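These numbers come from a predicted model, not from an experiment. Heavy atoms only: backbone and side chains are in, while hydrogens, waters and symmetry mates are out.
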Amino acid sequence: MSILELHGDARTSCGYHRLALPFGRLQLDLKVPTLVFNRHVSGGRAFLEQKRRAGFRIVADLDDFWDLPAEHYLARAWAISGTPARIRACLAAADVVMVTNDDLAAHVAAVNPNVVVVPNALPFDVGQFTRSRTPGDTFVYAAGPSHVPDVSALRSVFDQETVTIAGADAHPEWKRMHALVPQAKQQASRPAADYMRLYDGHMAALAPLLDNPFNRCKSNLKTLEAGAKGLPLIASDVRPYRNHVDARHVLYASGAQDWHAHMRSLSAYPRFAEDAGAALAEHVREHYHLDRV
């Protein structure tokens, strides 16, 4: 019998999208026992070497750069706990490392040369990844608490009643975000297995991102999510959103003026918003379907 061990928390976005969702659908006929982990494992490199001696092959998956920017709310805690070093040690112990894009692959190659880009993908048109049946006239940003700096840089864009910031919970960073943009509506977070409902009832999705080495290593998951729901996406004109595959299907904004212009156009011309959302829906289904990726 094939043995597959998955090490990651399916309640988190990375555990859900990089382990639970793809490996839950993948039909495997393993020739050797295989362990797959996201970022690092309890027990670290010693645990992985123990599994290797037991005959396992080791696959690491990494969806974010391990060096957090200074403004990230976890930066100090990660430095004190030695988390970046723990991640690098686990990556070095793997037989192969999967990452989401070329920028992240370049960093990983210095630690482990056996690295392959496996982009994020979704099982479109099943479960929660179906097109929205309740379109609206508002904009949604489905975010996590680490994105306070991204919203802060575009306060005039997000501090509007037509904007909903979805994913809010009791985390202190959410209070900071709400204080920055008090006019924006808040929508409570949902479990990973049901989070796509956050996009329902909106006209378009938003994806702000500062341009820095850490963010360039992120994935374009927000593009896939918007396309899954058939919504147009306005995104910062930076990697990972600016790439040769998606360039014709995302509305890019280089500054607040561009953001406001795109939002006005989508609001003033509903047919334009509908057509842009339909084009993105077709695009992501062609290039990022989980069954093919």
Side-chain angles (χ1 to χ4, degrees), residues 13 16-17 21-22 63 100-102 117-144 147 150 154 157-158 162-167 187 190 195-209 215-216 218-254 258-293:
S13 177
Y16 177 71
H17 283 289
L21 192 61
D63 62 324
T100 53
N101 64 38
D102 291 333
V117 174
V118 181
N120 271 333
L122 297 176
F124 298 105
D125 302 316
V126 298
Q128 64 174 322
F129 302 105
T130 56
R131 300 188 195 214
S132 178
R133 297 179 181 178
T134 56
D137 57 2
T138 55
F139 302 90
V140 62
Y141 175 34
H147 289 282
D150 303 309
L154 293 165
V157 173
F158 285 82
T162 56
V163 173
T164 295
I165 300 182
Q187 196 170 342
R190 303 191 68 89
Y195 81 101
M196 286 295 292
R197 287 178 61 184
L198 297 173
Y199 286 90
D200 290 335
H202 299 285
M203 173 179 57
L206 309 175
L209 202 62
N215 284 341
R216 289 174 212 141
K218 285 185 169 294
S219 81
N220 63 339
L221 183 60
K222 289 285 178 284
T223 305
L224 279 60
E225 292 171 350
K229 286 295 180 180
L231 302 180
L233 177 71
I234 307 174
S236 294
D237 192 5
V238 299
R239 298 196 304 270
Y241 298 117
R242 168 69 75 175
N243 62 71
H244 71 280
V245 177
D246 302 333
R248 294 176 57 244
H249 300 278
V250 173
L251 302 172
Y252 295 110
S254 298
D258 290 346
W259 281 89
H260 286 296
H262 284 313
M263 293 167 77
R264 283 194 300 267
S265 294
L266 293 172
S267 296
Y269 303 101
R271 184 58 186 270
F272 168 56
E274 183 180 340
D275 289 346
L280 184 59
E282 181 178 351
H283 170 73
V284 297
R285 284 161 173 78
E286 177 181 355
H287 293 278
Y288 300 105
H289 201 293
L290 185 56
D291 290 348
R292 290 193 292 272
V293 171

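- Listed for the Gln128 side chain is no donor-acceptor partner under 3.5 Å among the backbone atoms of Arg197.
- Taking all atoms of both residues into account, the shortest heavy-atom contact from Asp200 to Ser132 is OD1-OG, 3.4 Å.
- Put simply, the side chain of Lys222 gets close to the backbone of Ala142: a donor and an acceptor are under 3.5 Å apart.
- Here the side chains of Pro208 and Val157 are not in contact, with every heavy-atom distance at 4.5 Å or above.
- Heavy-atom minimum distance, Gly167 versus Leu198: N-CD1, 4.3 Å.
- Atom CG of Leu224 sits about 11.0 Å away from atom NE2 of His289, to the nearest 0.5 Å.
- Shown here are the side-chain hydrogen bond (donor to acceptor under 3.5 Å, both in side chains) partners of Asn215, two or more places apart in sequence or in another chain: there are none.
- In Arg292, the CZ atom is crowded: over 12 heavy atoms of neighbouring residues, nucleotides or ligands sit closer than 6.0 Å.
- Side chain of Lys229 to backbone of Phe129: no donor-acceptor contact under 3.5 angstrom is found.
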Give the table of side-chain donor-acceptor pairs shorter than 3.5 Å for residues 117-124, with sequence neighbours excluded, one pair per line with atom names and distance.
{"residue": "Asn120", "atom": "OD1", "partner": "Arg18", "partner atom": "NH1", "Å": "3.1"}
{"residue": "Asn120", "atom": "ND2", "partner": "Ser219", "partner atom": "OG", "Å": "2.8"}

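- The minimum heavy-atom distance between Pro240 and Leu209, with the atom names listed, is CD-CD2, 3.6 Å.
- Closest non-hydrogen pair, Leu233 versus Ala226, comes out as CB-CB, 4.0 Å.
- Minimum heavy-atom separation, Trp259 to Ala235: CZ2-C, 3.9 Å.
- Shown here are the side-chain contact (heavy atoms from CB on, under 4.5 Å) partners of Thr164, two or more places apart in sequence or in another chain: Lys185, Gln187, His202.
- Here OG1 of Thr100 is found 12.5 Å from NE2 of His17. Values are rounded to the nearest 0.5 Å.
- A distance of 13.5 Å separates OH of Tyr141 from CD1 of Ile234, quoted to the nearest 0.5 Å.
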With a 3.5 Å cut-off and sequence neighbours excluded, list the donor-acceptor pairs that the side chains of residues 273-284 form with protein atoms.
{"residue": "Asp275", "atom": "OD1", "partner": "Arg271", "partner atom": "NE", "Å": "3.2"}
{"residue": "His283", "atom": "NE2", "partner": "Val245", "partner atom": "O", "Å": "3.4"}
{"residue": "His283", "atom": "NE2", "partner": "Asp246", "partner atom": "OD1", "Å": "2.8"}

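- Contact between Val140 and Ala166 at its shortest, heavy atoms only, is CG2-CB, 4.0 Å.
- With sequence neighbours excluded, the residues satisfying side-chain hydrogen bond (donor to acceptor under 3.5 Å, both in side chains) with Asp291 are Arg25.
- Note that OG1 of Thr162 is 7.5 Å distant from CE of Met203, once rounded to the nearest 0.5 Å.
- Formation of a donor-acceptor pair under 3.5 Å by the Arg285 side chain with backbone atoms of Gly227 is found in this model.
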What side-chain donor-acceptor pairs closer than 3.5 Å can you find for residues 262-270, not counting sequence neighbours?
{"residue": "His262", "atom": "NE2", "partner": "Tyr252", "partner atom": "O", "Å": "2.8"}
{"residue": "Ser265", "atom": "OG", "partner": "Ala261", "partner atom": "O", "Å": "3.1"}
{"residue": "Ser267", "atom": "OG", "partner": "Met263", "partner atom": "O", "Å": "3.0"}

